[in-house]
Amino acid sequence: QVQLVESGGGSVQAGGSLRLSCAASGRTFSSYFMGWFRQAPGKEREFVAAINWSGGSTYYTDAVKCRFTISRDNTKNTVYLQMNSLKPEDTAVYYCARRSGNYMSRDLRDYDYWGQGTQVTVSS
């Protein structure tokens, strides 16, 4: 059983930064693509970013390009989401997830394990 545990959420003013972490259990972390999603109140969960096995390839939704950076440290079984220039519309619960295939996907149905989420609140 894979467990994903997010941390690093909090409250910040617009323009600020946060760094989310997602620690994964298991010894096969480096074999999987990983992704970050978010869900704002009253809205569907949406794709934010994804990263391949090595961290050499990344993919972002347009709304966060040039502001967010996804990365991973396979020695620590951890994936990160550095969020800069935060906006009130970034307010959401952020989830990390394990991709069950070997290509980038923004479809949440392509991810098989999910963390419990961490709240990010950006005030204006």
Report task. Determine, stepwise, if the pair Tyr32 / Trp53 fulfils ring pair (Phe, Tyr, Trp, His ring centres under 6.0 Å). Result -> CA-CA 5 Å; Tyr32 291 91; Trp53 311 289; 9.5 Å; no

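- In this structure, Arg38 forms no cation-pi arrangement with Tyr95, as its terminal cationic atom is not both closer than 6.0 Å to the ring centre and no more than 45° off the ring axis.
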Requested in this report: Start with the C-alpha distance between Val48 and Leu81, add both sets of side-chain angles, then the distance that settles side chain to side chain contact (heavy atoms under 4.5 Å, CB included), and finish with yes or no.
Outcome: CA-CA 10 Å; Val48 175; Leu81 186 68; 4.2 Å; yes

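- Ser21 OG to Lys76 NZ: the interatomic distance, rounded to the nearest 0.5 Å, is 9.0 Å.
- Residue Ile70 holds its CD1 atom at 10.5 Å from OG of Ser57, rounded to the nearest 0.5 Å.
- Two rings, from Trp36 and Phe68, have their centers 6.0 Å or more apart.
- Hydrophobic clustering, with ILVMFWY side chains joined whenever heavy atoms are under 4.5 angstrom apart, keeps Val79 apart from Val5.
- Environment of CD in Gln3: sparse, with no more than 12 heavy atoms of neighbouring residues, nucleotides or ligands closer than 6.0 Å.
- Relative to the ring axis of Trp114, Arg45 places its NZ or CZ within 45° and under 6.0 Å from the centre.
- Using a cut-off of 4.0 Å between Lys/Arg side-chain N and Asp/Glu carboxylate O, Arg99 and Asp112 are scored as not salt-bridged.
- Between Ala40 and Ala92, the shortest heavy-atom contact is N-CB, 3.8 Å.
- Contact record, Arg67 with Asp90: NH1-OD2, 2.7 Å, taken as the closest heavy-atom pair.
- For the atom pair OG1 of Thr69 and CZ of Arg19, the computed distance is 10.5 Å after rounding to the nearest 0.5 Å.
- Between the CD atom of Gln82 and the OG atom of Ser71 there is a distance of 8.0 Å, given to the nearest 0.5 Å.
- A donor-acceptor pair shorter than 3.5 Å cannot be found between the side chains of Thr78 and Asp73.
- Checked by atom type, the side-chain pair Ser105/Asp110 shows a donor-acceptor distance below 3.5 Å.
- Salt bridge Lys65/Asp62: present, at least one basic N to carboxylate O contact under 4.0 Å.
- We find the OG-NZ distance between Ser124 and Lys87 to be 13.5 Å, quoted to the nearest 0.5 Å.
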Report task. Could you walk me through whether Gln13 and Val122 pass the side chain to side chain contact (heavy atoms under 4.5 Å, CB included) test, one step at a time? Result -> CA-CA 5 Å; Gln13 289 190 324; Val122 185; over 6 Å; no

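- Residues Val120 and Tyr60 share a single hydrophobic cluster, defined by chaining ILVMFWY side chains whose heavy atoms lie under 4.5 Å apart.
- Under the 4.5 Å side-chain heavy-atom criterion for Ile, Leu, Val, Met, Phe, Trp and Tyr, Leu18 and Ile51 are members of the same hydrophobic cluster.
- Note on Met104: it does not cluster hydrophobically with Met34, by side-chain heavy-atom contacts below 4.5 Å among ILVMFWY residues.
- Side chain of Asn52 to main chain of Gly55: a donor-acceptor pair is present (N/O by atom type, distance under 3.5 Å, no hydrogens or angles).
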Query - Stepwise side chain to side chain contact (heavy atoms under 4.5 Å, CB included) check, Thr91 with Gln119 - result: CA-CA 8 Å; Thr91 295; Gln119 177 70 47; 4.1 Å; yes

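- For the atom pair Ser25 OG and Leu4 CG, the distance stands at 7.0 Å (nearest 0.5 Å).
- A donor and an acceptor atom, one from each side chain of Tyr59 and Arg106, are located under 3.5 Å apart.
- For Phe37 and Tyr111, the distance between ring centers is under 6.0 angstrom.
- Under the side chain to side chain contact (heavy atoms under 4.5 Å, CB included) test applied with Tyr94, the options Gln39, Glu6, Met83 reduce to a single match, Met83.
- Two residues are said to be in side-chain contact when any heavy atoms from C-beta on lie closer than 4.5 Å; Phe29 and Arg72 meet this criterion.
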Report task. Check step by step if side chain to side chain contact (heavy atoms under 4.5 Å, CB included) holds for Thr118 and Val93. Result -> CA-CA 5 Å; Thr118 186; Val93 177; 6.0 Å; no

